[in-house]
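We name chains A, B, ... by the order of the sequence lines, and we start the count at 1 in each one.
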Amino acid sequence: MGHALNTVLQDILSRWKRMSGYKVLWLPGTDHAGIATQNVVEKQLASEGLDRHKLGRDVFIKRVWKWKAEYGGKIIHQLKRLGASCDWSKERFTLDEGLSKAVREVFVRLYEEGFIYRDNRLINWCPRCNTALSDLEVEYEELEGKLTYIKYPLTPLTPPLLRGGEKGGYITVATTRPETILGDTAVAVNPEDSRYQKFIGKTANLPLTDRTILIISDHAVDPSFGTGAVKVTPAHDFNDEAIAKKQNPPLEFITVIGSDGRMTVNAGNRYKGLDRYECRKLVIKDLKELNLIEKEELYKYAVGHCYRCKTITEPLSTPQWYVNVQSFAKDAIRAVKEERINIIPKTWENTYFAWMEDIKDWCISRQIWWGHRIPVWYCQKMLNAKCKMQNGVIVSRVAPQICPYCESEELIQDEDVLDTWFSSALWPFSTLGWPDNTDDLKIFYPTSVLVTGFDIIFFWVARMIMMGLKFMGDVPFRDVYIHALIRDLKGHKMSKSKGNVVDPLIMIDRYGTDAFRFTLAAFAAQGRDIKFSEERVEGYRHFVNKLWNAARFIMMNIKAESENRRIGESENSPFHRVSVPPCPIRDGTPYWPSDLASKWILSRLAAIADDINRALEEYRFNDAASSIYQFIWHEFCDWYLEMTKSELQDPKSEIGVRWCLLYTLDTSLRLLHPFMPFVTEEIWQTIPHVKSHLPETEEVRPPTQPSPSRGEGKGGGGNSELRPQIGNESGIKESIMVSDYPKSLPRDYQAEEDMSYIIEAVMGIRTIRGELNISPSFKLKVMIKTFTQMAEKILKGNMQYLKNLAKAGEIKIGMNIEKPECSATSVKSSMEIYVPLKGVLNIAAEVDRLKKEEAKVDVSIVSLNKKLFNEDFLQRAPREIVDKEKAKYEELIIIKRRIMESIKMLKDVEVRNDS
RNA sequence: AGGCGCGUAGCUCAGUGGGAGAGCGCUUCCUUGACACGGAAGAGGUCAGGGGUUCGAUACCCCUCGUGCCUACCA
């Protein structure tokens, strides 16, 4: 699900920018996921009774490639099913030759410049994967364990004397890992701790061994924890390692646990070969028998686990390769501080800075086989002390044939491979051909945006920034958009072991890619995790259906040449590549939709296009998604399509309305396309295409020139220029995904305002109907009265609409333009509904009239402004705010309470038809 | 232990220093030639709690409670 979200967001950006005229590169690919992949293949081998050592390195790697061929393909298949519009010709894999070349180049240069070095120190080790892990690859998890208090007898007391339990004869330490006492080389106390002053410098007998250890002091010891005395095991604990190295001379390192998680010979004959946890049990049993355990307490503590196989990790002292990243980190911090890179949402910058400022050297070697083998060779003779090579290694871009020091041909390559993230860190430039200075590199580096989850800010993002700055001298990307993590409905992270994983492909099978994509986009609010809900997907599937049906309605009404074709039959549809002129022409004159509804929907369309562009600019995917959803469903379908049903009856407005229907559909499809690529393409391929721009005003455009490409035999008929024209007019593109993204369309604020009154009036009527239970099939007489000049103006502007209503038999209309009043009376009913749009009503007089006459309803649009009854507000709020509120109030004359009274009044009046 | 975030309608979540929103669910009504995967009208919230700033706080500040995550060398 995380990958699906990631893919969808990137695809939305890619499609949007591509349609907006940018040259877009979205480069797909995968990394080789060293440890994880090796583990999977090893499991397969195990089920066949094999292991990698039996196969040998070369055969094993072939086997992994085979696996990769199968599953790498699945990833790509999933991307395609999600509709990812990647440049598939540029697909890359971190183990490709080109990328491997970049890896070797980077390694050698970092080594030559002294940033890469080899060191023997404590490292996190996974005993199951048998490899070193970087600090990031260890996950800490709280475990319920025991804190065991163990008594170390002070020398010169000897074990036989101890059985008496003399007081003061011990120093007691607390530990969660009793088995490690076999590797203890000291006991440490805080130098300020008065209890232990007298012990410092003395020695103690290490139980279960014949060794004597020193009691030392170190400020790192917390006197308040446990007994205030700590056993020091330098070879198996990071703290203890630090303490040991500080001592002069440094404490001895005794390794008692081996790389396989079993006790070594150093643990003594009784314990060697035992698993570390078996050994723990035995050690506790033995100590109990010696009466050296003071007590055991239940204790919660964090234990490191391998992030790939969940085995408990073990600190182990081994030689590994490291990158000194201190100076890179400083540059990387500066790049973000100076806003050459923007992390969005900005709150993640803190996380980034915190980690970067306290960054540790990066352990890059892994003791596995699947990955980039470290480009380091050793001379066999040197190992036998017969070669004079000083630093002991040959670091080279290509495999050396002979030792440069002794000319021996017996060279051995380092067995280890590099951390997968080492190659991933180079991705932004290695995939574009670096170290060669290719055209792609020149055009596309630095890239525009990286979209990713926060869980790999450190693993990947930070390292790409460091490597990009180091090797390209520029940031790898301008924006980093950090999207949310997808959780299940209870807010838990999805994981296979919890069984709460939702498979995107199942969602796609069930609801379709478009609905699934739209859901992800709608969920992608910044700065919050996503709790995935399947019902949302279902809801957006309904949206796809709604759009489909709206398109069907429009196709039914554009009166193209063949009425029998339905949308969805795009293959041989006569509508395929049909085009209509940018504006319908009649007798050489452009015929723009002049009805209010059309002007309104065009303006709303323009507003929504602006909203979407702005939202995407700021990575507010959810806002963009809800804008287009709201527009298509609740403005275009609920209002405009319904209104056209009467407008289409009017020969005067018919042509303009048809054009407007098609234009709005076309534009909406293009707006929606980045979110729902499949259904929008399908519909768009079916409908006649419309040019994307509108004229600023009533500008007269030249009549369309007849051209040879136009009217492929289908354009006949006297009035044909009024109809959608068949043909492949120039400028019409082949696919919606390369059509123009709608932008900067003209607004008509007057139409929007006027229409809002109509909508309010209609809603008022519906409310009355609903509350009075008037059957929808019962046609009402409607009387519309206006009381102000503004209302008059509105009605004048909407005469066309009202006339159409009248024509449809719904109302009779009468209007006196001279006086600010008009009325419309329905055909059948005697009921009248007043719709006062503006102005002051004499309520009392109205009520009297209501009583005398037949049923009438006073519909109100306004609510009371409470603020204007607040003395404090009137006296103390800033003048302009108060004035604004007053002005608002003056506009809003009719009060909600009055409506309700009127309605109550109505209920007392005799109303026909069960009301 | 530090840090970050969240707590708004039954559920999943937007949002804003001045009129509490969406989707789903729920109630009522409606199969009229795009759509019942639909249309119309509704019910439902002291915006976690307390204090402060302000003429005014769901929003800004502080505290408490609940909850999720990240980081860290707690034996």
Side-chain angles (χ1 to χ4, degrees), chain A residues 122 135 140 147-148 173-177 180 188 220-222 224-233 237-243 299 301-302 315 345 347-348 350-351 354-355 358 454-455 457-458 485 487 489-493 511 515 519 522-523 525 527-557 566-567 620 622-623 626 629-630 634 637-638 641-642 645 763 766-777 862-867 870-878 881-882 884-885 888 892:
Chain A
L122 231 47
D135 296 341
Y140 288 87
L147 189 58
T148 309
V173 297
T175 181
T176 55
R177 303 198 55 192
T180 62
V221 179
D222 176 4
S224 65
F225 187 91
T227 62
V230 186
K231 61 190 275 307
V232 182
T233 323
D237 186 286
F238 291 102
N239 286 318
D240 296 359
E241 180 194 34
I243 292 174
Y299 184 67
Y301 63 112
T347 50
W348 289 109
N350 294 329
T351 312
W355 189 71
D358 192 34
F454 66 82
D455 47 334
I457 291 180
F458 307 140
L485 201 69
R487 303 177 182 283
L489 265 182
K490 289 173 196 152
H492 296 130
K493 202 168 170 171
Y511 303 103
T519 311
F523 262 128
R528 192 200 263 250
D529 286 349
I530 296 170
K531 283 184 209 156
F532 188 77
S533 129
E534 195 169 329
E535 276 119 43
R536 281 286 283 271
V537 192
E538 201 180 343
Y540 289 123
R541 184 188 59 184
H542 295 172
F543 176 54
V544 177
N545 189 60
K546 185 77 180 176
L547 176 69
W548 184 264
N549 282 306
R552 280 183 51 207
F553 170 78
I554 291 163
M555 289 301 284
M556 275 174 52
N557 282 293
R566 289 177 56 143
I567 197 170
R620 290 181 288 110
N622 58 323
D623 289 340
S626 66
Y629 178 91
Q630 178 69 27
H634 298 301
C637 290
D638 284 354
L641 289 193
E642 294 303 327
K645 286 175 184 172
M763 286 173 73
R766 285 175 182 165
T767 303
I768 304 290
R769 293 188 93 121
E771 291 184 358
L772 296 179
N773 273 329
I774 300 170
S775 161
S777 62
V862 182
S863 65
L864 190 63
N865 189 330
K866 287 179 195 157
K867 282 196 293 288
N870 181 330
E871 296 252 329
D872 280 340
F873 175 76
L874 292 174
Q875 284 169 19
R876 305 181 71 170
I881 303 273
V882 175
K884 215 169 102 188
E885 291 297 331
K888 223 194 265 177
L892 309 176

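Interatomic distance, A:M556 CE to A:N549 CG, rounded to the nearest 0.5 Å: 10.5 Å. Here A:Y301 contributes atom OH and A:T176 contributes atom OG1; the two are 4.5 Å apart, rounded to the nearest 0.5 Å. Between atom NE2 of residue A:H542 and atom CG of residue A:L547 there is a gap of 14.5 Å, rounded to the nearest 0.5 Å. A distance of 7.5 Å separates CG in A:D638 from CD in A:E642, rounded to the nearest 0.5 Å. Taking CG of A:N622 as the reference point, atom CZ of A:F523 lies at 10.5 Å (rounded to 0.5 Å).
In this view, A:F225 and A:Y299 satisfy the ring-ring contact (aromatic ring centres under 6.0 Å, His included) rule, not counting sequence neighbours. Taking A:R177 as the reference, A:E179, A:E314 meet the salt bridge (Lys or Arg N to Asp or Glu O under 4.0 Å) condition, with sequence neighbours excluded. The ring-ring contact (aromatic ring centres under 6.0 Å, His included) check on A:F458 picks up A:W355, with sequence neighbours excluded. For A:D623, the salt bridge (Lys or Arg N to Asp or Glu O under 4.0 Å) partners are A:R620, not counting sequence neighbours.
Helical stems involving RNA chain B, defined as 3 or more consecutive Watson-Crick or G-U pairs under 3.5 Å, span B:1-7 with B:65-71, B:10-13 with B:21-24, B:26-30 with B:38-42, B:48-52 with B:60-64.
Looking at the side chain of A:F225, the nearest of the listed nucleotides B:rG5, B:rA75, B:rA40 is B:rA75. Counting only heavy atoms from C-beta on, A:Y299 has its side chain closest to B:rA75 among B:rU12, B:rA75, B:rG38. Distance from the side chain of A:D638 is smallest to B:rA40 among B:rA75, B:rA34, B:rA40. Residue A:N545 places its side chain closer to B:rC35 than to any other of B:rA34, B:rC35, B:rA75. Across B:rA34, B:rA40, B:rA75, the shortest atom-to-atom separation from the side chain of A:R552 is found for B:rA34. In this structure, the nucleotide among B:rA40, B:rA34, B:rA75 sitting nearest to the side chain of A:A550 is B:rA34.
The aromatic rings of A:F543 and A:Y629 sit tilted, their planes meeting at an angle between 30° and 60°.
Rounded to whole Å, the separation between the C1' atoms of B:rA1 and B:rG10 comes to 39 Å. For the C1' atoms, the distance linking B:rA41 with B:rA34 amounts to 22 Å, nearest Å. Annotation: B:rC47 and B:rG38 have their P atoms spaced 33 Å apart (nearest Å). With both ends at atom C1', the span from B:rG15 to B:rG45 equals 15 Å, rounded to whole Å. When the P atom is used for both B:rG21 and B:rC26, the distance is 22 Å, rounded to whole Å. For the P atoms, the distance from B:rG51 to B:rA40 is 44 Å, rounded to whole Å. Only the P atoms considered, B:rG19 is 14 Å distant from B:rG56, to the nearest whole Å. For the C1' atom pair drawn from B:rU8 and B:rA22, the interatomic distance equals 12 Å after rounding to whole Å.
The phosphate of B:rU32 has neither OP1 nor OP2 within less than 4.0 Å of any side-chain N or O from A:K645.
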Show the distances under 3.5 angstrom between N or O atoms of the protein and N or O atoms of nucleotides 22-26 of chain B.
none

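Residue A:V221 is classed as a base contact, given a heavy-atom separation below 4.0 Å to a base. Counting any heavy atom pair closer than 4.0 Å across all strands shown, A:A242 reaches no nucleic acid atom. Looking at heavy-atom distances under 4.0 Å, A:D222 makes contact with a base. At a threshold of 4.0 angstrom between heavy atoms, the contacts of A:T176 are confined to the sugar-phosphate backbone, with no base atom among them. When heavy atoms are screened at a 4.0 angstrom cut-off, A:E538 is found touching no nucleic acid atom at all.
Per the geometry, CG belonging to A:D623 stands 12 Å off C1' belonging to B:rC13, to the nearest Å. The separation between A:Y140 atom OH and B:rU71 atom C1' is 11 Å, rounded to whole Å. As rounded to whole Å, 19 Å separates atom C1' of B:rG2 from atom CH2 of A:W355. Here B:rA34 presents its C1' atom at 6 Å from CZ of A:F553, a figure rounded to the nearest Å. Going from atom CZ of A:F238 over to atom C1' of B:rC74 covers 15 Å, rounded to whole Å. The distance from atom CG of A:D358 to atom P of B:rG3 is 15 Å, rounded to the nearest whole Å. We find that CE of A:M555 is positioned 16 Å from P of B:rC35, with the value rounded to whole Å. Nucleotide B:rA75 holds its P atom 8 Å from the CG atom of A:L147, rounded to whole Å.
A:D240 places a side-chain N or O within donor-acceptor distance of the main-chain N or O of A:T233, the cut-off being under 3.5 Å.
Between A:L641 and A:F553, the closest side-chain pair of non-hydrogen atoms falls below 4.5 Å.
Taking 3.5 Å as the limit, the base of B:rA40 and the side chain of A:E642 contain no donor-acceptor pair of atoms between them.
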